[in-house]
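Values in this document were obtained by computation on a predicted structure and should not be read as measured data.
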Amino acid sequence: MNGTKHETRQALMRRAMGALCAVGVAGTLLAPAAAFAEVQTNTDGETIITVQADTSNIAFTVPTTIPLSVQADGSLIVASEDEFKITNESPFDIHVTGMAVQSEDGWAVMADAKNSSTENSISLKIGPSSSMQDISKANGGSIDLSSDAAWNMGYADSGTDSINLTCSGNVSHVTKDLQTASKVATITWTVAAGQAGGE
């Protein structure tokens, strides 16, 4: 009888030890791997260095005002000999990605003011000569320029670091007193690092 009890006790202990070993193995298998640096097994080790633009701190300038003069036929010309530019002040290339427009002071921004019957109608295109944008398409919204290479700017002082802005347009049925300058619209420009369509 004592021999049977002893054998039973040994069998129970063997099962308990087996269970503990199984738990230990399972714990080892399920434990998350620690994030260690790769162990180098030869005499050379490599570290990759990368750089990235701080997109919250891109430096660029835009004109504060572009004054337009209305001619007798309703056409608009730039009333200044100054050149109006968007200029990159950053040490890396940038490009204009968007142009948002908000009409101001009761002006009706539209695609064709010349043939409009609406009071204080204005149509205006602005941009580099090869990619002038109709501001009526962005009025109350924005135009996506992110893939247009005409809006690329090189790094500061590269000789390609600015975009010359050209304007053309018309007004009609103007009831405003234009003896003083009337605010027509506000343009908000957005930019990003890199070149449109590039790296």
State, yes or no, whether a side-chain contact exists between Ile86 and Thr61 at a heavy-atom distance under 4.5 Å.
no

Test Ile122 against Asn170 for side chain to side chain contact (heavy atoms under 4.5 Å, CB included), laying out the working first.
CA-CA 6 Å; Ile122 183 168; Asn170 291 274; over 6 Å; no

Over 12 non-hydrogen atoms of neighbours within 6.0 angstrom of NZ in Lys137
no

Min side-chain heavy-atom separation Ile187-Ile126 under 4.5 Å:
yes

Taking side-chain hydrogen bond (donor to acceptor under 3.5 Å, both in side chains) as the criterion, tell me which of Ser130, Ser146, Ser131 meets it with Trp151.
Ser131

Let me confirm one number: the CD-CG distance from Gln133 to Asp144, rounded to the nearest 0.5 Å.
10.0 Å

Verdict with reasoning, Cys167 to Leu76, per side chain to side chain contact (heavy atoms under 4.5 Å, CB included):
CA-CA 8 Å; Cys167 299; Leu76 297 170; over 6 Å; no

If only side-chain N and O atoms count, and only distance matters, is there a donor-acceptor pair under 3.5 Å linking Ser172 with Ser116?
no

Please determine, by modelled atom types, if Ser182 and Asp105 share a side-chain donor-acceptor pair under 3.5 angstrom.
no

Would you find a donor on one side and an acceptor on the other, under 3.5 Å apart, between the side chain of Thr166 and the backbone of Pro128?
no

So, does Asn152 use its side chain to make a donor-acceptor pair with the main chain of His95 at under 3.5 Å?
no

Taking the side chain as C-beta and beyond, is there a heavy-atom pair between Val70 and Leu178 under 4.5 Å?
yes

Measure across Ile58 and Ser90 and return the closest heavy-atom pair with its distance rounded to 0.1 Å.
CG2-OG, 3.6 Å

Is the number of heavy atoms from other residues, nucleotides or ligands under 6.0 Å of Gln52 CD greater than 12?
no

Any side-chain heavy atom of Ile94 within less than 4.5 Å of one from Phe60?
yes

Let me confirm one number: the CG-CD1 distance from Leu124 to Ile66, rounded to the nearest 0.5 Å.
8.5 Å

Here the pair of heavy atoms bringing Met99 nearest to Ala138 is O-CB, 3.4 Å

Please answer: with hydrophobic residues joined when any side-chain heavy atoms are less than 4.5 Å apart, are Met132 and Leu165 in the same cluster?
no

Heavy-atom pair of closest approach, residues Val174 and Asn120
CA-OD1, 3.4 Å

Of all heavy-atom pairs linking Ala193 and Ala53, the shortest is CB-CB, 3.7 Å

Which pair of heavy atoms, one from Trp107 and one from Val184, lies closest together, and at what distance?
CD1-CA, 3.7 Å

Show the nearest heavy-atom pair for residues Ser136 and Val109, with the distance to one decimal.
CA-CG1, 3.7 Å

Report yes or no: do Phe92 and Ile163 belong to one cluster of Ile/Leu/Val/Met/Phe/Trp/Tyr joined by side chain heavy-atom distances under 4.5 Å?
yes

Please check if any side-chain donor atom of Glu119 sits under 3.5 Å from a side-chain acceptor atom of Ser121, or the reverse.
no

Kindly compute the distance separating CG (Asp161) from CG (Asp93), expressed to the nearest 0.5 Å.
10.0 Å

If you round to the nearest 0.5 Å, how far is NZ of Lys85 from CE of Met153?
12.0 Å

In the structure I gave you, are the side-chain heavy atoms of Asn88 and Ser162 within less than 4.5 Å of one another anywhere?
no

Side-chain heavy-atom pair Ile135, Lys125 within 4.5 angstrom cut-off:
no

Flag if over 12 foreign heavy atoms under 6.0 Å of CZ, Phe84:
yes

